[in-house]
Student: 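Can you keep this structure in mind? I'll have questions shortly.
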Amino acid sequence: MNDKENFYITTTLPYVNAKPHIGFALEIIQADVIARYNRNLGRSVIFNTGTDEHGKKIYEKAVEAGKEPQEYADEYAEKFDALKNALNLTYDHFIRTTDEKHIRAAQKFWNICSENGDIYKKNYKTKYCVGCELEITDSELLDGKCGTHPNREIEHKNEENYFFKFSRYQDKLIELYESNPNFVVPSNRLLEIKNFVESGLQDFSISRLKKKMPWGIEVPGDSDHVMYVWFDALINYISTLDWQDDGKEFNEYWPGVQVAGKDNLRQQSAMWQAMLMSAGLPTSKQVFIHGFITSEGRKMSKSLGNVVDPYQIVENYGADAVRYYLLREMPSHADGDYSEKRMNERYSELANQLGNLVGRVASMSNSYFQGNLDQVHIDFSLKKKQLKDDMTNYDFKKYVDHIFESISDANETIEKTKPFKLVKEDENAAKKVLSELAENIRFIADALLPIIPETAEEILRRYGKLILVGDPLFPKKD
RNA sequence: CGCGGGGUAGAGCAGUCUGGCAGCUCGUUGGGCUCAUAACCCAAAGGUCACCGGUUCAAAUCCGGUCCCCGCAACCA
């Protein structure tokens, strides 16, 4: 990887049928860390997120609320975009699937796939439960009956749909995975998707009858159909770069890295890749898959009342502490848990180890040397290499662990050298110790810039040429 | 026998590929220190490595089986 190359990263687009979820907060924070890290390396970065706004669920929610779907989607898009301030995010693209340019991109994409012979019309059997008055899917069936209405028979209906020739891309997808062992991170997810593709692919439906569900992008040349929301939504990754207009950003930044949850593995690393192949476009550079968050040890659900609201915890602890928690407490490649108790403990950890270190060194430097220390050079190349590896593996937890090793070392050094005593015996020696500590703190703050940007910047501000004393970085909570 | 992941100290995890004293962070307990946000440093306690069996001088690790949890199981965003 060239340090000066352009870098593109995107989250999945959250579906706007509910408020922002802590799980999406995790995803977008991880993407933000990657974006910030790459920017700090000197790369030019595009960081994309946005909202997925079409489909049946949105349509139904809007009707329920007595609103136009667009009006409903507008309100939710705003709620999601507000995460930017709350979590201190640095995305510079926010694509909405109802944006005019995205709609044009989806239709252009459809046309190309169609011209390449990958889209065809087929009769599709739906299962319909009279009790629910809804179509139901195979996974909702229990012993061939609807779970909520087991005494009703399932009706079968025929409907004409457009299909995408997913099956045609089986070999090419396997080739993609085999020639690119880091295509999906972590590696067990690559194995999972490879097994899935090897087990045989079936073409998937990519349209819906407009008279049943009008809230979608019209299929080019067939006004009876709208695109199925998945097909439309995935295209955001390139419509946001103005692919449809042969845009400069697309030409200079695609392909990029995609961050997604484990439930999205299939869509991102197989379906979307096949779609790109069909359209004759380069496949994604890499897909990073994160885990799910449980709350107090249990799956989050409204009925348990344990749903974690990201805005609420940011209000209590601040963006940096929440970022820190999600990045260090969660295993980066697997599921993790959120609990109020752990959040408190992690906050204390920040205050006691990092906050206190910054405070005590600044205080001594000012009392003994009026904040004037010597310039010292320390070789951090080993540590930097370690951190780079962690980031390359998207192992945020290990990355933070490694930084905190340095914080621990610094606190230990103070204990061993006792500059507060040393200054009475040998002023120069004390100055040297403090100068080295200050340089270590600068390194630590620098490494923390992607993780807890606000705090890291404040530390760097205080540890300039003159060391400044300031208020506690993480004030004690009651 | 659908696919994949997981079960290791009170909590969160590493270690398993390649067998060799069971480790890290947090919490708890005891001691030390006073520069600092009752912070920091040192030490200790705490584990049948889910369970059963096998291979081996030696198993958390390899092999066979069982139980439990999670995601996916295709048109569900």
Side-chain angles (χ1 to χ4, degrees), chain A residues 12-18 51-58 97 124 126 135-140 161 163-164 166 186 188-208 228-234 261-267 270-271 289 291-292 294 297 299 328-337 339 341-342 344-346 348-368 397-398 400-401 404-405 408 410-416 418-423 430 434 437 469 471-477:
Chain A
T12 56
L13 298 194
Y15 200 57
V16 293
N17 67 340
T51 42
D52 179 6
E53 304 181 1
H54 288 122
K56 196 166 129 191
K57 284 188 182 169
I58 308 295
T97 57
Y124 156 58
T126 61
E135 279 177 22
I136 62 173
T137 62
D138 284 344
S139 50
E140 287 169 337
N161 271 192
F163 276 70
F164 176 74
F166 195 29
N188 60 299
R189 297 290 172 203
L190 180 72
L191 180 67
E192 186 175 342
I193 194 64
K194 194 170 159 236
N195 281 334
F196 165 71
V197 172
E198 276 171 351
S199 72
L201 298 179
Q202 285 179 25
D203 299 346
F204 55 87
S205 160
I206 55 170
S207 75
R208 288 292 181 271
Y228 179 52
V229 61
W230 266 118
F231 190 85
D232 135 33
L234 289 166
K262 64 179 180 178
D263 56 334
N264 248 272
L265 174 68
R266 191 164 296 179
Q267 288 81 3
M271 288 160 69
I289 301 289
F292 281 179
T294 54
K299 200 168 177 171
R328 195 178 194 196
E329 178 80 358
M330 304 285 143
S332 303
H333 296 176
D335 295 351
D337 188 57
S339 80
K341 180 169 174 279
R342 292 296 297 158
N344 262 304
E345 287 170 359
R346 287 296 188 187
S348 307
E349 193 176 294
L350 274 174
N352 297 346
Q353 296 186 28
L354 175 62
N356 184 48
L357 172 70
V358 169
R360 68 199 298 211
V361 172
S363 164
M364 284 188 277
S365 304
N366 272 272
S367 307
Y368 315 144
K397 184 185 174 73
K398 205 173 253 179
V400 180
D401 278 346
F404 269 68
E405 270 174 19
S408 223
N411 275 320
E412 200 182 319
T413 301
I414 297 176
E415 206 60 32
K416 286 194 177 131
K418 300 191 193 333
F420 42 90
K421 268 190 181 166
L422 189 60
V423 71
L434 285 174
L437 283 167
V469 178
D471 292 335
L473 293 169
F474 298 95
K476 261 281 177 266
K477 297 258 165 203

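Below, chain A is the first sequence line, B the second, and so on; all start at residue 1.
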Student: Without decimals, in angstroms, what is the distance between A/Lys398 NZ and B/A14 P?
Tutor: 9 Å
Student: Between A/Ser365 (side chain only) and A/Val361 (backbone N and O only), is there a donor and an acceptor less than 3.5 Å apart?
Tutor: yes
Student: What is the distance, to the nearest angstrom, from the CG atom on A/Asp401 to the C1' atom on B/G12?
Tutor: 11 Å
Student: Between B/G32, B/A74, B/A39, which nucleotide gets closest to the side-chain atoms of A/Glu415?
Tutor: B/G32
Student: Using whole Å, report how far CD of A/Gln267 lies from P of B/A73.
Tutor: 7 Å
Student: Taking the side chain from A/Thr97 and the backbone from A/Glu53, do they hold a donor-acceptor pair closer than 3.5 Å?
Tutor: yes
Student: Using OP1 and OP2 only, check whether a side-chain N or O of A/Gln353 sits under 4.0 Å from B/U37.
Tutor: no
Student: Looking for any heavy atom pair under 4.0 Å, which part of the strands does A/Leu201 touch: base, sugar-phosphate only, or nothing?
Tutor: base
Student: At less than 4.0 Å, is any side-chain N or O atom of A/Arg208 found next to OP1 or OP2 of B/A77? Yes or no.
Tutor: no
Student: Under a 4.0 Å N-O cut-off, is there an ion pair linking A/Lys397 with A/Glu329?
Tutor: no
Student: Any base atoms under 4.0 Å from A/Ser199, or only sugar-phosphate, or nothing? Heavy atoms, all strands.
Tutor: nothing
Student: Is the backbone N or O of A/Phe163 less than 3.5 Å from a side-chain atom of A/Asp203, with the two atoms forming a donor-acceptor pair by type?
Tutor: no
Student: Less than 4.0 angstrom between a side-chain N/O of A/Lys421 and OP1 or OP2 of B/U34, yes or no?
Tutor: yes
Student: Taking atom C1' in both B/U28 and B/G19, compute the distance separating them and give it to the nearest angstrom.
Tutor: 34 Å
Student: For atom C1', what is the distance between B/C33 and B/A14, given to the nearest Å?
Tutor: 32 Å
Student: Write down the distance between CD1 (A/Ile414) and P (B/U37), rounded to a whole number of angstrom.
Tutor: 13 Å
Student: Write down the protein N/O and nucleotide N/O pairs, taken from nucleotides 68-71 of chain B, whose separation is under 3.5 Å; answer none if there are no such pairs.
Tutor:
{"from": "B/C70", "atom 1": "O2'", "to": "A/Lys262", "atom 2": "NZ", "distance (Å)": "3.1"}
{"from": "B/C70", "atom 1": "O2'", "to": "A/Asp335", "atom 2": "OD2", "distance (Å)": "3.3"}
{"from": "B/G71", "atom 1": "OP1", "to": "A/Lys299", "atom 2": "NZ", "distance (Å)": "2.3"}
{"from": "B/G71", "atom 1": "O4'", "to": "A/Lys262", "atom 2": "NZ", "distance (Å)": "3.4"}
{"from": "B/G71", "atom 1": "N2", "to": "A/Glu192", "atom 2": "OE2", "distance (Å)": "3.1"}

Student: In whole angstrom, give me the gap between the P atoms of B/G23 and B/U48.
Tutor: 15 Å
Student: Please tell me which of the listed nucleotides, B/C26, B/A74, B/A77, lies nearest to the side chain of A/Arg342?
Tutor: B/C26
Student: Please answer whether B/C75 and A/Phe204 are stacked, defined here as ring centres separated by less than 5.5 Å and planes angled under 30°.
Tutor: no
Student: Atom NZ of A/Lys397 to atom C1' of B/G15: distance rounded to whole Å?
Tutor: 14 Å
Student: With a non-hydrogen cut-off below 4.0 angstrom, is A/Gly355 in contact with a base, only sugar-phosphate, or nothing?
Tutor: base
Student: Expressed as a whole number of angstroms, how long is the span from A/Leu473:CG to B/A39:P?
Tutor: 16 Å
Student: Heavy atoms from C-beta onward define the side chain here; which of B/C33, B/A39, B/A77 lies closest to that of A/Tyr15?
Tutor: B/A77
Student: Starting from the C-alpha separation in whole Å, work towards a yes-or-no answer on salt bridge (charged side-chain N to carboxylate O under 4.0 Å, His left out) for A/Glu349 and A/Arg328.
Tutor: CA-CA 11 Å; A/Glu349 193 176 294; A/Arg328 195 178 194 196; 2.5 Å; yes
Student: Roughly how far, to the nearest 0.5 Å, is the OG atom of A/Ser339 from the CZ atom of A/Arg346?
Tutor: 10.5 Å
Student: I'd like to know if A/Asn356 reaches the base of B/A36 with its side chain, counting only an N/O donor and acceptor under 3.5 Å.
Tutor: yes
Student: Quick one: does any side-chain atom of A/Lys418 pair with a main-chain N or O of A/Glu415 as donor and acceptor, under 3.5 Å?
Tutor: yes
Student: Quantified in whole Å, what is the C1' atom distance between nucleotide B/G6 and nucleotide B/C49?
Tutor: 14 Å
Student: Please confirm whether A/Arg360 makes a cation-pi placement over A/Phe420, using NZ or CZ under 6.0 Å from the six-membered ring centre and within 45° of the ring normal.
Tutor: no
Student: So if I take every side-chain heavy atom of A/Tyr228 and compare against B/C41, B/C35, B/A77, which nucleotide ends up nearest?
Tutor: B/A77
Student: Roughly how many Å apart are B/G47 and B/G5, using the C1' atom of each and rounding to a whole number?
Tutor: 24 Å
Student: Quick one: which of B/U34, B/G4, B/A74 gets closest to the side chain of A/Phe166?
Tutor: B/A74
Student: Using heavy-atom distances to pick each residue's nearest nucleotide on RNA chain B, tell me which of A/Met364 and A/Glu349 is more 5'.
Tutor: A/Glu349
Student: Using a heavy-atom cut-off of under 4.0 Å over every strand shown, decide if A/Glu345 touches base, sugar-phosphate, or nothing.
Tutor: sugar-phosphate
Student: Short question: side chain of A/Tyr228, backbone of A/Phe204 - any donor-acceptor pair under 3.5 Å?
Tutor: no
Student: What interatomic distance, in whole Å, is found between C1' of B/C13 and the corresponding atom of B/C67?
Tutor: 23 Å
Student: Using the P atom in both, what is the distance from B/G46 to B/A22, to the nearest Å?
Tutor: 15 Å
Student: Side chain of A/Arg266 only, please: which of B/A74, B/A36, B/G4 is the nearest?
Tutor: B/A74
Student: When the C1' atoms of B/G54 and B/U61 are compared, how many Å lie between them, rounded to an integer?
Tutor: 15 Å
Student: Treating a pair as Watson-Crick (purine N1 to pyrimidine N3 plus N6-O4 or O6-N4) or G-U wobble (N1-O2 and O6-N3) with both distances under 3.5 Å, list the stems of 3 or more consecutive pairs that involve RNA chain B.
Tutor: B:2-7 with B:67-72, B:10-13 with B:23-26, B:28-32 with B:40-44, B:50-54 with B:62-66
Student: What's the CZ-P distance between A/Arg360 and B/A38, to the nearest Å?
Tutor: 12 Å
Student: Within this structure, what is the NZ-to-C1' distance between A/Lys416 and B/C40, rounded to whole angstrom?
Tutor: 13 Å
Student: Need to verify one output field. Residue with the more 5' nearest nucleotide on RNA chain B, A/Arg346 or A/Asn188?
Tutor: A/Asn188
